[in-house]
Novice: 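Quick one: the structure is below, questions incoming.
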Amino acid sequence: MQLAGSHPFLFFDYLRVPYSQDADAVATSGEEDGLFGHIHDADSGRTLWWPRADAQEHLGLHGGYKMGPAVVFGRVLPDNAVASFLVSKGAGWKPNDAIVDTTGSVVAHIWGSRTDDVVLPFDPGETMVRCWSEGYKHLRFGLSARVRVAMVHAYYHARPAIPRAMQIRMRRAFASIQGRATFPAWPIEDGLHDLFDWLFDQVVGLTGGPVPWVDPWPDGRSWSFVLTHDVDTQKGFDSIDLLRDIERESGRTSSWNIVPERYTVADSVLDNLREQGCEIGLHGLHHDGRDLESLRTFETRLPAMRDYAARWGAVGFRSPATHRVWEWMPRLGLDYDTSYPDTDPYEPTPGGSCSYLPFMNRSMVELPITLPQDHTLFAILQQADASLWVDKARHIRDRDGMALLITHPDYADDQRVVDSYQELLQAFAKDRSVWWALPREVSAWWRQRGASQLKPTPTGWKIDGPAAKRARVRYATHGAAESCTGS
């Protein structure tokens with residue numbers, strides 16, 4: 001396998017599939033006015049072409065689509081727009097997988113040749129970024145969805161004047177409306193990861209054999225589990241031990257996201273948590289829902305938030321109520337953010353990144369929240385036990401992802417929260433495949449992995465870079481994009 005690309009291919013860069021940038025290919029990739037990039041395998045002689053999103057602003061259809069269980073967001077070239085390109089590459093092309101719109105109507109196809117070349121009508125990298133950044137929203141949300149979002153925003157604007165008991169009743173009523181959202185699906189949205197599996201199948205067909213990539217997790221672990229807590233009020237700060245005691249019994253550590261200017265923060269409590277191996281994170285400034293209400297407010301509050309982060313040794317951030325703006329989050333200047341759920345229709349900002357793996361937002365690592373929040377599960381949806389937590393964590397384990405949980409000591413006077421948290425930790429206590437990690441450890445690992453690459457040696461592929469000592473080489477095969485071998 002000797003893969004070379006005419007342009008950067010985000011799918012390869014993200015999963016650390018080895019390929020080279022071919023300067024000659026870039027110089028000669030003038031077909032169709034430079035619309036297409038390509039990946040070529042010198043060993044098999046096969047090529048995969050894709051229309052680059054940065055070169056097709058005014059071409060193709062623009063929307064949200066499905067390809068089997070996988071999602072496709074952005075610009076898609078219909079078959080008639082691809083026809084001349086196919087003719088330029090010779091005869092013998094046939095349509096394979098269909099891409100359909102929300103009504104099920106076919107809008108485009110994947111094209112394959114007799115020699116197993118492939119032409120995609122979309123840029124996979126555009127879909128990846130649109131999922132991570134929630135840029136799919138204006139492509140899929142119709143009028144009814146916009147009305148639901150407006151209703152939710154109106155509620156949160158009025159919430160400070162609403163008694164707490166009435167807030168809960170209103171949230172429960174809103175939940176029946178919010179839960180009608182079809183994308184991202186709740187509690188599990190697999191569409192982006194299904195796209196990854198499908199792409200691996202295409203690349204395996206391109207090379208004719210297993211495709212190496214860098215395992216997402218270190219030390220031979222197949223998935224990760226990250227425990228975090230948001231401490232929203234003085235009651236929560238004074239009740240930290242209600243959840244921390246359960247972790248101590250299980251031998252686990254966690255991250256505690258603290259609000260610096262809403263309640264009295266005792267440094268001795270933070271010192272004690274750090275001495276136990278826990279992490280302190282920053283949870284906004286006042287927890288008033290205004291940190292990201294405008295760029296001006298955000299930038300006005302940034303110096304104080306950075307000062308508290310430096311004082312506490314905090315390298316991570318979670319926004320109160322998971323408010324988030326993709327373009328602004330890196331301005332925090334911290335190592336990581338964990339304000340994006342993978343899927344959550346019940347938050348003030350409904351939606352999600354569709355990912356149960358970390359990803360980059362420019363210089364910042366994003367650690368998605370991948371298990372439902374305790375308040376949503378028990379106070380709003382009135383779940384009785386930890387079964388949904390456990391079931392989704394098992395699904396994430398099966399897909400080699402990251403289970404990241406938020407619980408609040410503020411709500412730990414609800415016995416269901418305490419019992420379910422204990423049940424969840426016990427469910428995976430003997431699982432030797434999981435990496436129990438703090439968010440800062442996952443962020444550091446993701447940076448090390450992203451700075452490493454696979455290089456061929458006489459005895460096989462080896463990892464070169466800062467992750468070399470802990471990473472493993474994995475091999476994708478047809479229908480088994482997650483198959484694994486040792487290093």
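For clarity, every value in this text was computed on a predicted model and none was experimentally measured. We're numbering straight along the sequence, starting at 1.
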Novice: Is it the case that over 12 heavy atoms from other parts of the model lie below 6.0 angstrom from the CZ atom of R432?
Specialist: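 Result for CZ/R432: open.
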Novice: When you look at D215 and R474, which way does the salt bridge (charged side-chain N to carboxylate O under 4.0 Å, His left out) test go after all the steps?
Specialist: CA-CA 6 Å; D215 195 320; R474 304 189 75 169; 3.8 Å; yes
Novice: Looking at every non-hydrogen atom in both residues, tell me the closest pair between L438 and V226 and how far apart they are.
Specialist: C-CG1, 4.3 Å
Novice: Enter the distance from S133:OG to M329:CE here, rounded to the nearest 0.5 Å.
Specialist: 13.0 Å
Novice: Whether D123 and R52 form a salt bridge (side-chain N of Lys/Arg under 4.0 Å from carboxylate O of Asp/Glu) is what I want to check.
Specialist: no
Novice: F428 and ring-ring contact (aromatic ring centres under 6.0 Å, His included): which single residue from W436, W389, W223 fits?
Specialist: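 Between F428 and the candidates, ring-ring contact (aromatic ring centres under 6.0 Å, His included) is satisfied uniquely by W223.
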Novice: Could you label the plane-to-plane angle of the W446 and W217 rings as parallel, tilted or perpendicular, counting under 30° as parallel and over 60° as perpendicular?
Specialist: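 Tilted: the ring planes of W446 and W217 meet at 30° to 60°.
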Novice: Any donor-acceptor pair under 3.5 Å linking the side chain of Q21 with the backbone of H7?
Specialist: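 Checking the backbone N and O of H7 against the side chain of Q21, a donor-acceptor pair under 3.5 Å is found.
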Novice: Atom OG1 of T207 and atom CD of Q202: how far apart are they, to the nearest 0.5 Å?
Specialist: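 Result: 11.5 Å between the selected atoms.
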Novice: So, do P18 and P212 sit near enough that their side-chain heavy atoms are less than 4.5 Å apart?
Specialist: yes
Novice: Is there a side-chain contact between P8 and L10 in this structure, where contact means two heavy atoms from C-beta onward sitting under 4.5 Å apart?
Specialist: no
Novice: Answer yes if the side chains of T115 and S113 hold a donor-acceptor pair under 3.5 Å, and no otherwise.
Specialist: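 Yes, because at least one side-chain N or O of T115 sits under 3.5 Å from a partner of the opposite role on S113.
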Novice: Counting only N and O atoms by type, is there a donor-acceptor contact under 3.5 Å from the side chain of N361 to the main-chain atoms of W326?
Specialist: yes
Novice: Is the shortest side-chain heavy-atom distance between H38 and L48 below 4.5 Å?
Specialist: no
Novice: Rounded to the nearest 0.5 Å, how far apart are NE2 of H283 and CZ of R318?
Specialist: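 So the gap between those two atoms works out to 7.5 Å.
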Novice: Can S433 and R397 be counted as having a side-chain donor-acceptor contact under 3.5 angstrom?
Specialist: no
Novice: Mind listing the closest non-hydrogen atom pair of I369 and S339 along with its distance?
Specialist: CD1-C, 4.1 Å
Novice: Verify, without hydrogens or angle tests, whether H109 (side chain) and D79 (backbone) share a donor-acceptor contact under 3.5 angstrom.
Specialist: no
Novice: Quick check: closest heavy atoms across S294 and W328, and the distance to 0.1 Å?
Specialist: C-CH2, 3.4 Å
Novice: Is D337 paired with R324 through a side-chain N to carboxylate O contact shorter than 4.0 Å?
Specialist: no
Novice: Side chain of E134, backbone of G352: donor and acceptor closer than 3.5 Å?
Specialist: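 Checked: pair present.
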Novice: State whether the side chain of S44 and the backbone N or O of L206 hold a donor-acceptor pair below 3.5 Å, judged by distance alone.
Specialist: yes
Novice: Got F183 and V71 here, is their nearest side-chain heavy-atom distance under 4.5 Å?
Specialist: yes
Novice: Would you please indicate yes or no on a ring centroid separation below 6.0 angstrom for Y14 and W132?
Specialist: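 Centroid distance W132-Y14: below 6.0 Å, so yes.
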Novice: Looking at OH of Y65 and CZ of F122, how far apart are the two atoms once the value is rounded to the nearest 0.5 Å?
Specialist: 12.5 Å
Novice: Side chain to side chain contact (heavy atoms under 4.5 Å, CB included) for V203 and W213? Distances and angles first, verdict last.
Specialist: CA-CA 12 Å; V203 179; W213 58 294; over 6 Å; no
Novice: Would you say the side-chain atoms of K392 pair up with the backbone N or O of A403, donor to acceptor, closer than 3.5 Å?
Specialist: no
Novice: Given side chains that start at C-beta, do those of T338 and P439 come closer than 4.5 Å, heavy atoms only?
Specialist: no
Novice: Tell me, do S452 and V214 make a side-chain contact under 4.5 Å, heavy atoms counted?
Specialist: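 Side-chain contact under 4.5 Å: no.
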Novice: Between R447 (side chain only) and D335 (backbone N and O only), is there a donor and an acceptor less than 3.5 Å apart?
Specialist: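 Between the backbone of D335 and the side chain of R447 there is a qualifying donor-acceptor contact (under 3.5 Å).
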Novice: Please state whether the rings of F196 and F11 are parallel, tilted or perpendicular, taking 30° and 60° as the class boundaries.
Specialist: tilted
Novice: State whether the side chain of E279 and the backbone N or O of R440 hold a donor-acceptor pair below 3.5 Å, judged by distance alone.
Specialist: yes
Novice: For L357 and D400, work out which heavy atoms get closest and say how close.
Specialist: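 In terms of heavy atoms, the two residues are closest at CD2-O, 3.7 Å.
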Novice: Under 4.5 Å between any side-chain heavy atoms of P78 and L61, yes or no?
Specialist: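 In short, these two side chains touch, coming nearer than 4.5 Å.
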Novice: Whether the side chain of T343 engages the backbone of P184 through a donor-acceptor N/O pair (distance < 3.5 Å, no angle test) should be reported.
Specialist: yes
Novice: Let me know which of F36, F85, F9 forms a ring-ring contact (aromatic ring centres under 6.0 Å, His included) with W49.
Specialist: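 The ring-ring contact (aromatic ring centres under 6.0 Å, His included) with W49 is passed solely by F85 among F36, F85, F9.
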Novice: Would you verify whether the NZ or CZ of R470 falls within 45 degrees of the ring axis of W435 while also being under 6.0 Å from that six-membered ring's centre?
Specialist: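 Positive - R470 is close enough to the ring of W435 and near enough to its axis.
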Novice: Dump the intermediate steps for side chain to side chain contact (heavy atoms under 4.5 Å, CB included) on V434 and R221, then the final yes or no.
Specialist: CA-CA 6 Å; V434 63; R221 306 295 185 178; over 6 Å; no
Novice: In this structure, which one of W50, F200, Y19 forms a ring-ring contact (aromatic ring centres under 6.0 Å, His included) with F12?
Specialist: Y19
Novice: Could you report the tightest heavy-atom contact between L334 and A314, atom names first, then the distance?
Specialist: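 Nearest pair, atom of L334 first, then A314: CD2-O, 4.0 Å.
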Novice: Would you say S353's side chain and Y340's backbone share a donor-acceptor pair under 3.5 angstrom?
Specialist: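 No, because the side chain of S353 does not come within donor-acceptor range (under 3.5 Å) of the backbone of Y340.
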Novice: Between L388 and P372, is any pair of side-chain heavy atoms under 4.5 Å apart?
Specialist: yes
Novice: Any chance you could lay out the salt bridge (charged side-chain N to carboxylate O under 4.0 Å, His left out) test for R399 and D197, step after step, and finish with the verdict?
Specialist: CA-CA 10 Å; R399 298 297 294 257; D197 288 351; 3.3 Å; yes
Novice: Can you check side chain to side chain contact (heavy atoms under 4.5 Å, CB included) on T370 and I396, steps first, answer last?
Specialist: CA-CA 9 Å; T370 57; I396 291 171; 3.7 Å; yes
Novice: Taking 4.0 angstrom as the limit, do D117 and K89 come out as a salt bridge?
Specialist: no
Novice: In Å and rounded to the nearest 0.5 Å, what is the CG to OG distance from L282 to S319?
Specialist: 10.0 Å
Novice: Give me the atom names and distance for the closest heavy-atom approach of V204 to A476.
Specialist: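 Looking at all heavy atoms of both residues, the shortest contact is CG2-O, 3.4 Å.
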Novice: Rounded to the nearest 0.5 Å, what separation is found between the CD atom of E189 and the CG atom of D194?
Specialist: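 Rounded to the nearest 0.5 Å, the CD-CG separation comes out at 8.0 Å.
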Novice: Take T253 and L227 through the side chain to side chain contact (heavy atoms under 4.5 Å, CB included) test and state the conclusion after the steps.
Specialist: CA-CA 7 Å; T253 54; L227 304 176; over 6 Å; no
